Every structure is written in C-alpha cells, then in structure tokens.
Amino acid sequence: MDTARSQTEPTALEGVYEYRSSPLVEPDWRRFPGWREVTDAEWADPQWQRAHCVKDAKGLRAVVGDLLDEAFYEDWEQDRLHRATMSVLLPPQMLNTIAPEAAAARPGELTKAFYDDPVRRYMLPVFSDRHPQWPSHPMASRDSLHEQDMWVVEGLTHRYPTKVLAELLSTCPQYCGHCTRMDLVGNSTPQVTKNKLQLKPVDRADRILEHLRSSPGIRDVVVSGGDLANLPWPRLERFVDGLLDIDSVRDIRLASKGLIGLPQYWNSGPVLQGVERIARKARSRGVRVALHTHANAAQQVTPGVARASWALLGAGLHDVRNQGVLMRGINDTAHDLLDLCFALIDHAGITPYYFYMCDMIPNAEHWRVPLHRAQLIQRQILGYLPGFSTPRIVCDVPMAGKRWVDQADSYDRELGVSHWSKSYLTPLEAADPDAHSGSYHYYDPIDTLPLSGQRWWREARHG
C-alpha cells in the first residue's frame, strides 16, 4: 500500500502560528533548594558545572529537596533497571532548563511539571514514559546505523563518498536518553554493556589523520564522539590543526551538544582563544569550520547559550548550526519546531539545520515519530522561516544515510514500512559483492499503526 500522504491529511498548521520575538531568559537556578546559595560566578564556571552534575537520585534530591514525589524517583529507578540504554548525566545548566517556570514551594509541587517537561522527557527518562507493549521495535539494533561496521580505522566511519565521521572519544558532558551511539557512548547500564574504544586517544587520532592524508577523495570531516566538550582543548586543537594541513579537506564540522548543556565551556577564554587560532588558519586555506550542536526545545536556548554561540562566531567560526531530533511529546508539532528555530536564529546566531527522526535503537519507541507525521510537519513549517534557516527533517535510513523525509520511494502506512534508495555504495557495500544495495528500509513505531498493522507485527513477533 503506497500511501505517502493521504489525500485528506491536512497540511496547514493546527492553529495559527503567530511570530513574536521574545527575549531569552535564564531560568533562576535559585528556585531549587540545593542551589539557593550558588553565585553568578560559580554558575558561569565550567568546572563548577562539571563538578555538580546530577548522576543519580541522591544528586537530584540534593538539588530539588522534597519538591518531587517519591513516586518519581521510583519511576526513574525502574527505568534505570529495566529500560535505560544511557546512564543519566545532567549538568546544572541542562537541569535548570527543566520546568523553568514552575514555582514549587511545597513538597511534591514540582512533580507534574517535571513529568510534563520536554527536556526532562529525553534527558531524564522514567519507566512510565516507555511504551508498555512496544518499548523496542523488532527491527531495532544497538548500532542501528552500522557506524562501527563502517570504520576504516577505529573511530572513523566512512559512510558517504566524500564525507567521514571521526569519533575521537566516547564520553559527553551530558547524556541524552535517545543517543544513537548508545552502543559505544557513556557508561554501561543494566541493559547495555557498552563497547569500548581500544586504541589510546592519541593513537586513534593519529591513525585517523594518517588515513585522511592518504584519501584525497574525502573533503568533509565531522569531528565528534561522544562530545568534543569532553576532549581537552589542546588535543582537539592538535587534531583540527592536522586536518587543516590536509589539502583535500575543505569542510570541518565540530559536534558538541555541550554548547547547549555546558555553554560555560565554549565561552571560556582558553577555548575561544584556541578557536580563534583554528579559524585564522582555516580562513587562510579557504576551509570552513563550523560547530554543530543539539537543542530540541526552545527553553534550552538561554542567554548563556546565546553568549557562547556569539562568542564562537566572533572568534571566527564559519557557522554554528543545530541538529535536533524529532521526538514525540517533545517537539513533534510545527509550533514546537518554529518556536525553537526562531529562538536559535533570533537570539543565538544558530542556524537550524536538521531535525533527525529518532533512530531505531532499543527502547526508543515512545520517542519515535511515524514518517507521515514528519512529512506533515516538514510541509507545515515551510514559509515561516528564512529559506536558509528552514531545517530539513531527515530520516537516517540504516545503510542508506540521511534522506529527506519526502524522498521515500514507497511507503506502506499499514505496516509502517518505508523504502528508500541512494546513488552510491558505502565502502562496506563496495567490498562485499553480496551486500544489499537496492532498497533500504525504515519502520514506523508500531503503536502508531492501524490495528491491522499492529496485529501483523504482533503475529510476526510471535510467529
């Protein structure tokens, strides 16, 4: 059944979207009992932020006191024991954007605001968030994009003809519950024993640079991990300096959600001085160096984030761009995305670039959005933003790579199966004559399918 879009499905926004430019507000961290004595200078210190991350229930209680019901902590613990693929790590900056307007004075009063909050829903997942029948899709997998299968040396994924992904480390200053690299990044959980990078960091970086020097067909390098905010700056600068010495490299993209969760780091003097050195060398060679970050909700764009972004642009970066993830209950309406995009471009100089459909990792079904919903939202946001700041919603199809959501070759809405093609082979496919190179597949979350489709998957699972 090829029904890429129903003839009766609306494309207009549900309700009129009226643009209003509202100033950014840094939520008052002193609203939480544990932070009432925290000074402005402490809050602005990246080391203070790192030292006071929330990792467990004890740490959260130290911040919020008795403002959350005990049932919330029990819900959180059940998720840790039975569903979580990522451990929890929340810098104060990120935690402070959860329920930013909630005025909680008495025990338990913060609980509903926490449960409802979009940032909490993906940074601090609880068991009741997950779908009770379909926590995972039957086709989900740990390394759903086969990135490690496409390593040409450890940490260097070569999936596209002219572009590579360099994973320099496996830690972040904050962990997102939906992390696509949950197989490798962060601490192990009761559900997931993480894979480990084997090489010493300096050896991994050197081997990646060596491979790129001998590969003149590669012009575009995404430098990621983990998160570059956790890589000591001298090591990152050395690596980027090495990239800038390779004639074929013309675009360098540095990936850090830390700009959203730990902007204090990117706004620090030593880092900005280093960025200026990199940018100066890049300009002399005609190379573009940009930073890619990851905000999913407008409330995450605070004055601190804006200051750090403008400082990076002032230091000479070519661009700062946002790559969010489209997720149910978090940002899956046109209004949500437009609010976020306008906050980014109006106040932080951050270009909305992509919104990815959530990848098919285990226990992610409650976050994932069906393809037809993503297609509708893409159409609905057109016309509101400048063309250069209108994000593309993309489906990262396993083995096929990023495809615009309207590029599906066919789409069976009943079974939730979309078929995709591409015009190139990955090195992994090219080396294997039996590798599949025709049609690639992505699957809608089963609970969003019609009853007949849900019944088919239920029978397939038990058959």
Side-chain angles (χ1 to χ4, degrees), residues 13 17-29 31 40 43-44 46 49 91-102 117-119 122-123 173-174 176 229 253-269 271-272 275 279 289-327 330-331 333-355 377 381-393:
L13 247 61
Y17 183 86
E18 294 187 6
Y19 167 76
R20 294 286 186 274
S21 181
S22 302
L24 300 183
V25 175
E26 199 77 50
D28 183 6
W29 58 86
R31 74 189 187 280
D40 290 356
W43 193 262
Q49 290 276 332
Q93 172 76 29
M94 182 70 75
L95 178 56
N96 193 41
T97 65
I98 297 177
E101 298 177 355
D117 189 84
V119 176
Y122 82 93
M123 293 301 302
Q174 71 283 297
C176 307
R253 293 178 269 172
L254 310 177
S256 176
K257 183 170 183 165
L259 180 59
I260 305 301
L262 192 66
Q264 295 85 353
Y265 169 79
W266 288 106
N267 199 29
S268 63
V271 171
L272 290 174
V275 169
V289 180
L291 187 137
H292 285 197
T293 193
H294 179 176
N296 288 323
Q299 67 206 59
Q300 295 181 288
V301 187
T302 71
V305 169
R307 284 192 297 272
S309 177
W310 286 118
L312 288 167
L313 291 168
L317 285 188
H318 183 269
D319 205 354
V320 179
R321 307 183 186 111
N322 186 61
Q323 294 186 168
V325 176
L326 187 68
M327 290 184 284
I330 295 164
N331 56 19
T333 73
H335 285 78
D336 293 331
L337 291 194
L338 289 171
D339 283 347
L340 171 55
C341 291
F342 281 122
L344 291 167
I345 61 176
D346 284 356
H347 302 293
I350 299 175
T351 302
Y353 182 40
Y354 283 145
F355 282 97
I377 295 171
I381 65 174
L382 293 174
Y384 287 89
L385 295 153
F388 57 84
S389 292
T390 300
R392 290 171 175 161
I393 302 178

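Since this is a predicted model, take the numbers as computed values, not measurements. Sequence positions, counted from 1, serve as the residue numbers for this chain.
The distance from the CH2 atom of Trp266 to the OG atom of Ser256 is 5.0 Å, given to the nearest 0.5 Å. Separating the CG atom in Leu24 from the CG atom in Asp346 is a distance of 9.0 Å, to the nearest 0.5 Å. Rounding to the nearest 0.5 angstrom, the gap separating the CD atom in Gln174 from the CE atom in Met123 is 5.5 Å. Rounding to the nearest 0.5 Å gives a distance of 11.5 Å between CG of Leu254 and CG of Leu259. Atoms CG and CD1, from Asn322 and Ile345 in turn, are 11.5 Å apart once rounded to the nearest 0.5 Å.
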From CA spacing to verdict: side-chain contact (heavy atoms from CB on, under 4.5 Å), Leu337, Leu326 | CA-CA 9 Å; Leu337 291 194; Leu326 187 68; 4.1 Å; yes

Dump the intermediate steps for side-chain hydrogen bond (donor to acceptor under 3.5 Å, both in side chains) on His294 and Gln323, then the final yes or no.
-> CA-CA 5 Å; His294 179 176; Gln323 294 186 168; over 6 Å; no

Does the side-chain contact (heavy atoms from CB on, under 4.5 Å) test come out yes or no for Gln300 and Val305, once each step is laid out?
-> CA-CA 8 Å; Gln300 295 181 288; Val305 169; over 6 Å; no

Yes or no on side-chain contact (heavy atoms from CB on, under 4.5 Å) for Tyr353 and Arg253, after CA distance, side-chain angles and deciding distance?
-> CA-CA 13 Å; Tyr353 182 40; Arg253 293 178 269 172; 3.6 Å; yes

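Between the side chains of Tyr122 and Asn331, no donor N or O sits under 3.5 Å from an acceptor N or O. Between Asp339 and Tyr17, the side chains place a donor N or O and an acceptor N or O closer than 3.5 Å (distance only, hydrogens not considered). In this model, a donor atom of one side chain and an acceptor atom of the other lie less than 3.5 Å apart for Thr302 and Glu26.
Asp117 places no side-chain N or O within donor-acceptor distance of the main-chain N or O of Ile98, the cut-off being under 3.5 Å.
Pro27 and Asn96 make their closest contact through O-ND2, 2.8 Å (heavy atoms, listed as atom of the first residue, atom of the second, distance). Shown here for Ser389 and Leu385, the closest heavy-atom pair between the two residues is O-CD1, 3.7 Å. The two residues Pro263 and Gln93 come nearest to each other via the heavy atoms CD-CG, 3.5 Å. Minimum heavy-atom separation, Pro303 to Val25: CD-C, 3.4 Å.
Between Cys341 and Phe355 the shortest side-chain heavy-atom distance falls below 4.5 Å. With a 4.5 Å cut-off on side-chain heavy atoms, Tyr354 and Pro391 do not count as touching.
Here Arg31 pairs with nothing under the salt bridge (charged side-chain N to carboxylate O under 4.0 Å, His left out) rule; sequence neighbours left out. In this structure Asp28 satisfies the side-chain contact (heavy atoms from CB on, under 4.5 Å) test together with Arg30, sequence neighbours excluded. The ring-ring contact (aromatic ring centres under 6.0 Å, His included) search around Phe388 returns none, not counting sequence neighbours. By the side-chain hydrogen bond (donor to acceptor under 3.5 Å, both in side chains) test, Tyr384 is found to be paired with no residue, residues two or more places apart in sequence or in another chain being considered. Judged as a ring-ring contact (aromatic ring centres under 6.0 Å, His included), and not counting sequence neighbours, the contacts of Trp43 are Trp29, Trp35, Trp48.
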Please table the atom pairs, donor to acceptor, closer than 3.5 Å between any side-chain atom in residues 306-319 and protein atoms at least two apart or in another chain.
unit_1: Ser309; atom_1: OG; unit_2: Ala348; atom_2: O; d: 2.6
unit_1: Trp310; atom_1: NE1; unit_2: His347; atom_2: O; d: 2.8
unit_1: Asp319; atom_1: OD1; unit_2: Thr351; atom_2: OG1; d: 3.2
unit_1: Asp319; atom_1: OD2; unit_2: Arg321; atom_2: NE; d: 3.2

